[in-house]
Amino acid sequence: MSDTKTLYAAFAAKIDAVLSALEAEAVLPPDCPRQNVSVEPPRDPSHGDLATNAAMVLAKQAKTNPRALAEKIVEHLTRDPLIESAEIAGPGFINLRLADTAWLEELAAIAKLGAEYGRSTIGAGKRVNVEYVSANPTGPMHMGHCRGAVVGDALASLLEYAGHDVIREYYVNDAGGQVDVLARSAFLRYKEALGHDIGAIPEGLYPGDYLKPVGEALAKELGDRFVDEPEDEWLPIFRAQAVTAMMEQIRADLALLGIKHNVFSSEAALQMAGKPEQAEKWLREHDLVYDGVLEQPKGKVLDDWEPVELPLFRSTRFGDDQDRPIRKSDGKWTYFGADLAYHMQKAEGADELIDIWGADHAGTVKRIKAAVAALSEGQGKPIPFDVKLVQMVQLLRNGEPAKMSKRSGNFVTIADMVEEVGKDVVRFTMLTRKPDAQMDFDFAKVVETSKDNPVFYVQYAHARICSTLRKGAAEGLEPSDADLSGLGADEMALIAQAAQFPREVEAAAKAREPHRIAFYLYDLASAFHSYYNLGNDDAQKRIILAQDPALSAARLFLSVQIGQVLRNGLALLGVDAVEEL
RNA sequence: GCGCCCGUAGCUCAGUUGGAUAGAGCAUCGGAUUCCUAAUCCGGGGGCCACAGGUUCGAAUCCUGUCGGGCGCACCA
């Protein structure tokens, strides 16, 4: 698809071609490494539209100084009609200024590609499994899950847009002790629904009201026959029912944020299928699991410490502090033991794995990465595996930290949040900082100063474009590219900003950092607002000019394309591109 | 005590994976609406990129150490 190659990629290719020509002329030695050669828009716009460091990087190999080499490169570049000027600056940068036709070609590309403008093929043929949220099915989604959910969803969309085949997966922890606690809590609510006085919810059980409907449903379905039965009789039934109910709740909560997974994997099913046993067997055969006794951790006093022999994974071989148990002393799997088998299961259906975890699990990254590396390499299919940590969100309400513990039953749910400030605000805010830095989310502040929220700024730019088009149509002016000759420097600058979108998509996808798209959209919106406001100082610069229909049509055409890029970016973030505010 | 993450304007944060004179928003000061949405725009002031070394043509970015904040540290998930 060379005809749809985006502008920055095309110019990078041109410079590459020049370097090849110089190799042919023996100015450069053959096959000299070029991976450090960059072609990017310079930070300072006065340096031109594009800059390359090629001369500085390659001067040594050419056995000359950067400026001398730069002159040779410039000589070639100036032959290109799309390059208006090429100047050598500073220590040896080559600054290029592009001809208007180059920008107008890009504008045409946006018009032609529409929603596909920005889509990349860098991930073609790669199937990536992104696992995110994976909250325990013990209650509604709360703010502690929110950031990882939004970041994971946006990352999945971004990778898809960059050409990957993406699996959006949720791991359901329906096999551990927490879901037994859930079942016991549901049992109490069941008795309550049948008219028994249950008093206060005992310490250690989930006190939240959200289990009341679950208890009522159980009472309706099962009647009173389990009320006086021993736990063994009812626990599996109550557990299954409660987990199902919680997962329905969680799916509904995620839907409020516009999040949908396509695979839900059950930990219980994984264990039923004997996957952890298979993994253990293989690990033991390769001396990666052995029976041993852990030492008491230093720096922490444990009253109830007892040395026990457990099957341990040799994670210390991979830089971990301690070897890690894969089974508990009762013979059941630890979370880690099941999790490593789960990762092997995911690896069977993907070329690459990404997990989005909360930073409170940072301490477990080494062991799981070690296990995946050991198993996948040992089984002949080394698999790239990345754990992205999202840092804690400190949620404040009226200046006071809000509790976010499920056990307390006193938490701010995602449903509350979306109802109060809206999906778009929640999503955009979570994506307007890099995920590995802590953030404060002051509830009251977001509500009060919502007009200062960047999401409105970007949406306003889009809405403004829509309203301008409506206004134009009312005056009989329609966007058209029939005559773009009236477009000048102001318009070219705006196109240049839009033209960066494909680069940003690729850079963000490579770095697995969806927040970059949010910042880019802010910049693009800002460029459009500036452009729009030129018309306030100089009436000739307004988009709609009744006395000049050709120029109006061209400017409206430009506006349509800017709106398109805004829509494409907002779609990646899962934020609506509204037509009116 | 150990491991991981972070430290950039008064505040909240970006910084194109090592590039040129470090940028936005809020706050502050000063301007722009008989005119396409002023939820916007233009301009001023504000910096030892926590600190100290190192790597190189070049460091906020990479390495080492120190200080400060967060998270975690047996068979909980």
Side-chain angles (χ1 to χ4, degrees), chain A residues 36 38 40-44 47 51 53 56 59-60 65-66 89-93 95 134 136 138 173 176-179 267 294-300 302 305-308 310-311 319-322 324-337 339 358-366 389 391-392 394 432-434 436-440 442 445 449-454 456-457 459-461 463-464 467-472 475 500 503-504 507-508 510-511 515-516 519-520 522-523 526 529-537 539 542-545 552 555-556 559 580-581:
Chain A
N36 291 329
S38 67
E40 330 181 299
R43 289 207 172 113
D44 183 345
H47 291 140
N53 62 355
M56 294 187 306
K60 252 185 199 170
N65 68 65
F93 287 102
N95 294 332
S134 298
N136 289 339
T138 53
N173 301 126
Q178 296 301 321
V179 286
E267 183 186 0
L294 286 175
E295 285 176 25
Q296 181 159 6
K298 298 186 176 80
K300 203 184 182 190
L302 296 163
W305 168 264
E306 284 174 28
V308 200
L310 293 168
D320 204 354
D321 307 332
Q322 278 198 326
R324 303 292 173 175
I326 60 168
R327 287 178 191 265
K328 303 186 244 183
S329 49
D330 64 3
K332 287 182 182 164
W333 298 104
T334 61
Y335 182 85
F336 172 61
D339 203 29
D360 51 342
H361 292 91
T364 65
V365 171
K366 271 183 184 169
L389 295 176
Q391 287 290 331
M392 303 286 101
Q394 170 99 4
T432 315
R433 54 216 67 193
K434 57 183 175 197
D436 47 9
Q438 296 145 229
M439 75 183 270
D440 287 345
D442 195 322
K445 202 173 166 186
T449 66
S450 60
K451 75 184 181 70
D452 294 326
N453 195 304
F456 292 113
Y457 185 83
Q459 286 181 319
Y460 180 39
R464 229 179 190 178
S467 98
T468 305
L469 289 168
R470 285 194 298 269
K471 175 85 176 173
E475 299 189 16
Q500 294 207 41
R503 286 183 75 240
E504 292 290 342
K510 278 183 194 159
H515 74 278
R516 292 192 191 196
F519 283 96
Y520 167 74
Y522 188 89
D523 289 343
S526 173
H529 285 310
S530 293
Y531 174 69
Y532 182 94
N533 272 278
L534 291 173
N536 285 339
D537 295 331
R542 296 178 61 191
I543 294 170
I544 293 171
L545 288 170
S552 291
R555 286 178 176 168
L556 286 168
S559 302
E580 277 178 82
L581 279 186

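Residue numbers start from 1 in every chain, and the chains themselves are labelled A, B, ... in the order their sequence lines are given, proteins ahead of strands. The analysis underlying the following values was restricted to heavy atoms, covering all of them including side chains, and did not include hydrogens, waters or symmetry mates.
For B:G15, the OP1/OP2 oxygens have a side-chain nitrogen or oxygen of A:His515 closer than 4.0 Å. Phosphate proximity of B:C41 to A:Tyr457: present, with a side-chain N or O under 4.0 Å from OP1 or OP2.
Taking the side chain of A:Thr334 as heavy atoms from C-beta on, and the options B:C75, B:U40, B:G3, the nearest nucleotide is B:C75. Here B:C75 is the nucleotide among B:G15, B:C75, B:C36 with the atom lying nearest to any side-chain atom of A:Lys328. Distance from the side chain of A:Asp537 is smallest to B:A32 among B:A20, B:A32, B:A39. Nearest nucleotide to the side chain of A:Arg43, out of B:C36, B:U16, B:C76: B:U16. Considering only the side chain of A:His361, B:A77 comes nearest among B:C42, B:A77, B:G19.
Two residues, A:Leu310 and A:Asp436, neighbour RNA chain B, and the one matched to the more 5' nucleotide by heavy-atom proximity is A:Asp436. Between A:Phe93 and A:Lys332, it is A:Phe93 whose nearest contact on RNA chain B lies nearer the 5' terminus.
Under the rule for a side-chain contact (heavy atoms from CB on, under 4.5 Å), the partners of A:Lys366 that lie at least two apart in sequence or sit in another chain are A:Asp320. Under the side-chain hydrogen bond (donor to acceptor under 3.5 Å, both in side chains) criterion, A:Arg327 pairs with A:Glu280, sequence neighbours left out. Residues satisfying the side-chain contact (heavy atoms from CB on, under 4.5 Å) test with A:Tyr531, not counting sequence neighbours, are A:Asp490, A:Glu491, A:Leu494, A:Phe528, A:Leu534, A:Ile543, A:Arg555, A:Leu558. Residues satisfying the side-chain contact (heavy atoms from CB on, under 4.5 Å) criterion with A:Asp360, sequence neighbours excluded, are A:Met392. The side-chain contact (heavy atoms from CB on, under 4.5 Å) check on A:Gln500 picks up A:Tyr8, A:Pro41, A:Gln497, A:Arg503, A:Glu504, A:Tyr520, with sequence neighbours excluded.
Pairing analysis of RNA chain B (Watson-Crick: purine N1 to pyrimidine N3 plus N6-O4 or O6-N4; G-U wobble: N1-O2 and O6-N3; both under 3.5 Å) yields stems of 3 or more pairs at B:1-7 with B:67-73, B:10-13 with B:23-26, B:28-32 with B:40-44, B:50-54 with B:62-66.
Under the 90° criterion around 0 for the glycosidic angle, B:U17 counts as syn.
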